[in-house]
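The structure displayed is predicted, hence computed values, not measured ones. Just so you know, these numbers use all the heavy atoms, side chains as well, and skip hydrogens, waters and symmetry mates. Numbers for residues simply follow the sequence, beginning at 1.
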Amino acid sequence: MFAYWANLTTACGGCGVSSIVRGTAPNRNFIIEWRAQVVATGQFVRFQVVFYENSTRIRIWFVYVEINVSVYLIGIQKDGTCYLVYLYS
């Protein structure tokens with residue numbers, strides 16, 4: 001999963017990676033959240049990836065991303081040859 005593939009750091013105030021499981025079986029959601037800073041520009045980003053139990057659905061939720069970030073990639077990969085790039089710059 002390439003939720004926001006860029007050179008990010010979590011070594012900044014208020015930054016980090018956290019996760020939580022919400023809901024009850026069989027309808028739980030596993031949520032991973034990144035609060036980070038883009039190394040090249042100093043811009044802050046906050047985004048989540050949500051995995052749904054009993055579903056192939058995955059949601060990438062951009063809580064806060066500055067639009068003028070110049071290098072990023074969003075996509076998903078199954079193995080070394082099977083992948084989908086959704087958006088890149």
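Placement of Ile32 and Ile58 within a single hydrophobic cluster is found when ILVMFWY residues are connected by side-chain heavy-atom separations under 4.5 Å, directly or transitively. Hydrophobic cluster membership differs between Tyr52 and Val49, with clusters built from Ile, Leu, Val, Met, Phe, Trp and Tyr side chains linked at under 4.5 angstrom. Note on Val45: it clusters hydrophobically with Val17, by side-chain heavy-atom contacts below 4.5 Å among ILVMFWY residues. In the hydrophobic clustering of this structure, Trp34 groups with Val38; members are Ile, Leu, Val, Met, Phe, Trp, Tyr whose side-chain heavy atoms approach within less than 4.5 Å, directly or through other members.
Note: Arg28 CZ to Ile20 CD1 = 13.5 Å, rounded to the nearest 0.5 Å. Here CZ of Arg35 is found 11.0 Å from SG of Cys12. Values are rounded to the nearest 0.5 Å.
Side-chain contact between Gln48 and Ile60 is absent, with no heavy-atom pair separated by less than 4.5 Å. Looking at Arg22 and Ile31, their side chains come closer than 4.5 Å, going by heavy atoms from C-beta outward.
Remark: the backbone N or O of Gly42 is paired with a side-chain donor or acceptor of Gln37 at under 3.5 angstrom.
Taking both residues in full, the closest heavy atoms of Ala36 and Leu8 are given as CB-CB, 4.0 Å, listed atom of the first, atom of the second, then distance.
Between Phe62 and Phe47, the ring-plane angle classifies as tilted under the 30° and 60° cut-offs.
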